[in-house]
Amino acid sequence: MKLGSIVGIAFSCLLIIAGIVLCVMGTNKAEEAGQFLFTQRSEEGTYYCEKIAKGTNRVKIQFKNADVTVIGGAEKSQIEFINFNPNLYNVSVTPNILSFEEMPSLTSIVDIGENGINFKGLRYLLDFDNYNYDDLNKSVVISLADDSDIKILDISGEKSKVTLKNVKLDGDLSLKIDSGSISVDDFSTTSTLEIIGSNLNSNIKGFSGSTLRCNSTKAVLNITESSAKNTEIDVKNGAVEYMTRDVLSNGFFNISSKSGSVTVNDDKITEAIFSSPENYETSLTVITEDASINISYEVETAPDTPSQTPTDTVIQ
């Protein structure tokens, strides 16, 4: 080995040793001053809160195995992260975007990307409490004021439970949950609610918006007391129930299931439904392979005339 290489290795080792010594000294000095170099874990777990400033129009969070609650009508907009390993996530805040990303392991502290090597910090490797966070139940609480500037709320998770209550949003909500459950109770938006997953149990009650879009390989999807101008549902296996008080009889219909049962307004349907009237204002698309479909909606009728069944109006 060349002398220059030996000197380089020796110098690198000295820097690492010096870094460890400085971290230990810094920890002691910080504790003496009543501050802590590492995030402390109490009996209740860990806690971190990030305010959502005015002007923030996009919030994006990505995590694994956590319960998420989104609550509307709050006095101020903020996100609380409970029981996450503080050394295994990144928070990025810009004037317009707030993002949170949970990293999969300690090796993620060293990020090798297109822009080179990004080392988060030696002190994270020296935090031996890193190995004591896995037993904590993680959760995220997103509180939104009604006048928030958010246009895009993007939530992505694995093996997670998501709950929305009394939320008003002037923008898009995207829920990408690989496996888990979704509960929506009174959510109104001027735009889109999108649900994407592989194995989901979803209950949506009191949704009001422009577009409702659901796509899942396997799902039990229950939608009640909701109103959407455009509804697009694609579920391979499971069950789909869609009940609305909207008048859809003059809208666009595309409803089919290859091997599952189809019921529309209590009438069992034996063939696919497709109807595309001119100048329609609402659309309902439900496509499944081996999932049952149950749809209920209002049918507009003229006074003193018998009401038409869905088969009279939409099956070609």
Side-chain angles (χ1 to χ4, degrees), residues 46-84 86 89-103 138-158 160-178 180-197 200 202-216 221 223 225-233:
T46 66
Y47 178 82
Y48 172 74
C49 181
E50 184 69 46
K51 294 181 180 179
I52 303 176
K54 293 294 292 183
T56 300
N57 53 41
R58 181 173 184 178
V59 173
K60 181 178 181 181
I61 64 173
Q62 184 176 340
F63 55 87
K64 183 177 182 180
N65 193 19
D67 292 341
V68 180
T69 302
V70 185
I71 304 173
E75 293 183 4
K76 58 183 179 180
S77 298
Q78 64 180 21
I79 307 181
E80 299 167 275
F81 301 95
I82 302 166
N83 290 342
F84 281 81
Y89 61 74
N90 282 323
V91 179
S92 175
V93 180
T94 69
N96 303 111
I97 302 174
L98 189 158
S99 65
F100 172 95
E101 181 180 5
E102 185 179 18
M103 298 182 293
K138 296 180 294 185
S139 61
V140 181
V141 179
I142 304 176
S143 302
L144 297 178
D146 291 339
D147 61 348
S148 71
D149 297 324
I150 296 175
K151 299 297 181 183
I152 301 175
L153 178 56
D154 193 341
I155 300 174
S156 300
E158 300 177 26
S160 301
K161 176 182 178 181
V162 179
T163 303
L164 275 80
K165 297 179 180 179
N166 303 319
V167 177
K168 294 181 181 179
L169 191 67
D170 186 17
D172 297 333
L173 171 61
S174 178
L175 302 176
K176 301 181 181 71
I177 306 301
D178 184 61
S181 65
I182 295 174
S183 176
V184 177
D185 189 1
D186 289 333
F187 171 55
S188 63
T189 176
T190 58
S191 191
T192 301
L193 168 60
E194 178 184 58
I195 297 174
I196 299 175
L200 292 174
S202 301
N203 288 283
I204 302 172
K205 179 182 179 181
F207 167 75
S208 176
S210 176
T211 301
L212 174 60
R213 185 179 299 118
C214 303
N215 190 309
S216 181
L221 179 61
I223 304 172
E225 300 179 22
S226 296
S227 175
K229 186 176 181 180
N230 303 294
T231 301
E232 304 168 11
I233 299 173

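Because the structure is a prediction, the values reported are computed rather than measured. The figures that follow rest on heavy atoms only: side chains count, while hydrogens, waters and symmetry mates do not.
The CG atom of Leu153 sits 10.0 Å away from the OG1 atom of Thr189 when rounded to the nearest 0.5 Å. Remark: Ile195 CD1 to Ile177 CD1 distance equals 9.5 Å, nearest 0.5 Å. In this structure, OG on Ser183 lies 7.5 Å from NZ on Lys161, to the nearest 0.5 angstrom. Atom OG1 of Thr46 is separated from atom CZ of Phe81 by 11.5 Å, given to the nearest 0.5 angstrom. Note that the OG atom of Ser139 and the CG atom of Asn65 stand 11.5 Å from one another [nearest 0.5 Å].
In summary, the aromatic rings of Phe100 and Phe63 are positioned with their centroids too far apart to meet the 6.0 Å limit. Aromatic ring centroids of Phe84 and Tyr48 lie 6.0 Å or more apart.
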Steps toward salt bridge (Lys or Arg N to Asp or Glu O under 4.0 Å) verdict (Lys151, Asp170): CA-CA 6 Å; Lys151 299 297 181 183; Asp170 186 17; 2.7 Å; yes

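Under the 3.5 Å distance criterion, the side-chain polar atoms of Ser77 are matched with a main-chain donor or acceptor of Ala145.
Checked by atom type, the side-chain pair Gln78/Ser143 shows no donor-acceptor distance below 3.5 Å. The closest side-chain donor-acceptor pair between Lys176 and Ser174 falls under 3.5 angstrom.
In this structure, Ile204 and Ser226 approach most closely via the heavy-atom pair O-OG, 4.0 Å.
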